Amino acid sequence: MTTFLELNKTKKILALGILFLFNFAPAIAQKPIIQTKFTADPAPMVHNDTIFLYTSHDEDDATGFKMLDWLLYTSTDMVNWTDHGVVASLKNFTWAKQDNGAWAVQCIERNGKFYLYCPMHGGGIGVLVSDSPYGPFKDPIGKKLINDDHVWNDIDPTLFIDDDGQAYLYWGNPDLYYVKLNEDMISYSGEIVKEPTKPKNYQEGPWAWKKNKHYYMAYASTCCPEGIGYAMSNSPLGPWEYKGMIIDASKKTNGNHPGIIDYKGKSYCFGFGYDLLKQETTVHSERRSIDVDVMNYNEDGTIQNLPYFTNDGPEQIETLNPFRRIEAETMAWSKGVKTDKSKETGMYVTQINNGDFIQVRGVDFADGAKKMEIIAASLNAGTVEVRLDKEDGDIIGISKIENTGGWQNWKTFKTKVKKVSGVHDLFFVFKGGQGDLFNFDAWKFSK
């Protein structure tokens, strides 16, 4: 995005006007934030001005908990999320016996390495390490990190490193446990402690953090349904004093798991609900979807209550630059499509059928774009209608996707578009015949 220092006085006034309209335009509903897969147990981490959102993953055919791997999404604007696919799975642990039970994880960075703490329901808690937040992650110890006589309670690990450098690992259902981690983050000192002042209505899914000298513990409240409660303390070791609910328990939540971060001047609370499932069926299954909202503190450090995640969610905090390659799996909303991964291409959008679409929020075309290119592959054919601001908005271009000779035989399709400037939501609306039309890898505009 062009900086004000690079604009003359006239352009400064125009840019300010565009930013005013963008920042105060009505928000478009975005709940849940991921639609291509069922996701739960959000674990956001901020690194290099990017949010890395690690999630558990409910399979599309799950009725109970069917969870085999963990996923990763990233964002820099809080509304457009890029799918990076599976970041780790039960297969990363050679000692893991089960083929199900990949429950809530959390990742933390220390000394340039990234540690992913992974519970296997009934199988203890393991740890993986990587030189990159994107992975690949490997098991550095070849055994369980947490392995004790209450293994079925050992779920939902959360990490916190205090200002003095001491790291703490908390976990547990229905009790809250903690242990002091060593600086290597893959071993611990002292005994595992069962917290004697477990907060009121604590159930599971703890999330620990510190802000303005206050220690916080958020968690899924007593089942069922579960909201997100929280407690405060003057020490990372408690005692914990219950303060109230961040998200109320209601029939909308059933279960929950908090993930809380500060990012670019605001605080955010992630959780999950069943809104995506409810759009498909009235039959309850464990197919969850992640939500997020701004979280506000009071002057005394307590947290303001929300009955439930709002339909609009957070405001977009920066625009998206369309004059660079944008992965097709970067989206704010979608209908019908799925994502997949190949060794050659990485992530891409697939299962595209007639009438499906992808929405990308807040795309800044600056003073104009005239051309567009789309990278796609197909054994069939179809078209991409590029529309502004709405699913049925003005068409600025139509890209015809031809048979490329294979679903992984990628080709760049170039087309002219009506000159468009300023900030718009962008809709890629897919049209064609029966069945899957094509796979979609990336797009880019040019002047």
Side-chain angles (χ1 to χ4, degrees), residues 27-58 69-87 105-107 133-135 257-264 266 268-273 275-276 279 287-295 309-322 324-341 346-352 356-364 425-428 440-443:
I28 297 174
Q30 187 189 357
K31 188 178 73 170
I33 63 173
I34 308 297
Q35 309 88 42
T36 56
K37 296 183 178 75
F38 291 105
T39 56
D41 305 322
M45 177 187 71
V46 178
H47 177 69
N48 286 348
D49 286 332
T50 297
I51 299 173
F52 290 81
L53 179 61
Y54 300 86
T55 81
S56 57
H57 173 209
D58 296 327
D69 49 33
W70 297 282
L71 308 180
L72 172 62
Y73 299 84
T74 59
S75 180
T76 58
D77 64 13
M78 289 303 303
V79 297
N80 296 305
W81 293 90
T82 301
D83 185 348
H84 298 275
V86 175
V87 71
V105 297
Q106 187 174 343
C107 188
Y134 299 99
H257 186 292
I260 294 168
I261 55 169
D262 287 343
Y263 185 63
K264 296 185 177 179
K266 291 186 178 181
Y268 296 93
C269 177
F270 293 75
F272 67 74
D275 298 300
L276 192 63
Q279 294 174 20
R287 302 176 201 172
R288 298 158 291 177
S289 299
I290 289 175
D291 300 315
V292 62
D293 245 315
V294 173
M295 189 181 79
F309 294 97
T310 62
N311 286 331
D312 294 340
E315 293 181 354
Q316 187 169 359
I317 57 178
E318 68 178 28
T319 54
L320 186 143
N321 175 10
R324 59 182 178 88
R325 175 188 166 111
I326 303 296
E327 298 299 322
E329 61 274 10
T330 299
M331 60 187 79
W333 192 258
S334 64
K335 174 188 173 185
V337 302
K338 293 288 188 179
T339 57
D340 204 347
K341 193 173 188 177
M347 296 297 297
Y348 59 91
V349 176
T350 189
Q351 297 185 35
I352 296 171
D356 292 346
F357 70 83
I358 291 171
Q359 176 196 3
V360 184
R361 293 261 304 267
V363 179
D364 187 0
D425 284 4
L426 200 60
F427 284 77
F428 296 94
F440 184 11
D441 185 36
W443 56 272

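Note that this is a predicted model, so its numbers are computed, not measured.
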* Structure fact -> Residues passing the ring-ring contact (aromatic ring centres under 6.0 Å, His included) test with Y263, sequence neighbours excluded, are none
* Structure fact -> Sequence neighbours excluded, the answer for ring-ring contact (aromatic ring centres under 6.0 Å, His included) partners of Y268 is none
* Quick one: CH2 on W333 to CD on Q359, what's the gap to the nearest 0.5 Å? -> 9.0 Å
* Test side-chain contact (heavy atoms from CB on, under 4.5 Å) applied to E329 and T82, step by step -> CA-CA 6 Å; E329 61 274 10; T82 301; 4.3 Å; yes
* Sequence neighbours left out, what passes side chain to side chain donor-acceptor pair (under 3.5 Å) with T36? Give chain and number order. => none
* Asked: Who are the salt bridge (Lys or Arg N to Asp or Glu O under 4.0 Å) partners of D262, not counting sequence neighbours?
  -> K211
* Structure fact -> Sorted by chain and residue number, the side chain to side chain donor-acceptor pair (under 3.5 Å) partners of Q35 (sequence neighbours excluded) come out as S334
* **With D83 via side chain to side chain donor-acceptor pair (under 3.5 Å) - residues at least two apart** => K37, T339
* Structure fact -> Interatomic distance, CE@M331 vs CD1@I34, rounded to 0.5 Å, equals 8.5 Å
* Not counting sequence neighbours, which residues clear ring-ring contact (aromatic ring centres under 6.0 Å, His included) with F428? List them please. => F440, W443
* Mind running side-chain contact (heavy atoms from CB on, under 4.5 Å) on Y348 and D340 for me, showing each step along the way? => CA-CA 6 Å; Y348 59 91; D340 204 347; 3.7 Å; yes
* Go through I51 and M78 one step at a time and tell me if the side-chain contact (heavy atoms from CB on, under 4.5 Å) criterion holds. => CA-CA 8 Å; I51 299 173; M78 289 303 303; 3.1 Å; yes
* Rounded to the nearest 0.5 Å, how far apart are OG1 of T76 and CG of L320? -> 7.5 Å
* Any donor-acceptor N or O pair under 3.5 Å, side chains T310, D293 -> yes
* Compare all side-chain heavy atoms of D356 with those of K338 and state whether any distance is below 4.5 angstrom. => no
* Sequence-distant partners of A43, side chain to side chain contact (heavy atoms under 4.5 Å, CB included), two or more places apart -> Y54, Q106, W207
* **Sequence-distant partners of H84, ring-ring contact (aromatic ring centres under 6.0 Å, His included), two or more places apart** => Y134
* With sequence neighbours excluded, what pairs up with T50 under the side chain to side chain donor-acceptor pair (under 3.5 Å) test? -> none
* Residues forming a salt bridge (Lys or Arg N to Asp or Glu O under 4.0 Å) with K264, sequence neighbours excluded -> E318
* Start with the C-alpha distance between R288 and D41, add both sets of side-chain angles, then the distance that settles side-chain contact (heavy atoms from CB on, under 4.5 Å), and finish with yes or no. => CA-CA 9 Å; R288 298 158 291 177; D41 305 322; 4.2 Å; yes
* **Which atom of P314 lies closest to which atom of V79, heavy atoms considered** => O-CG1, 3.8 Å
* Structure fact -> Shortest non-hydrogen pair, D425 vs G362, comes out as OD1-N, 2.9 Å
* Asked: According to the interplanar angle, ranging from 0 to 90°, do the rings of F270 and W81 count as parallel (below 30°), tilted (30 to 60°) or perpendicular (above 60°)?
  -> perpendicular
* Structure fact -> In this structure, OG1 of T74 is separated from CE of M45 (nearest 0.5 Å) by 11.0 Å
* In Å and rounded to the nearest 0.5 Å, what is the CG to NZ distance from D291 to K31? -> 6.0 Å
* To do: Name all residues meeting the side chain to side chain contact (heavy atoms under 4.5 Å, CB included) criterion together with T55; count only those two or more places apart in sequence or in a different chain, and write none if there are none.
  => T39, L53, L71, Y73, I290
* Structure fact -> Taken to the nearest 0.5 Å, the spacing of Q316 CD from D77 CG works out to 4.5 Å
* Minimum heavy-atom distance between P133 and H47, given as atom pair plus value -> CG-CD2, 4.1 Å
* **Which atom of P32 lies closest to which atom of D275, heavy atoms considered** => CD-CB, 4.4 Å
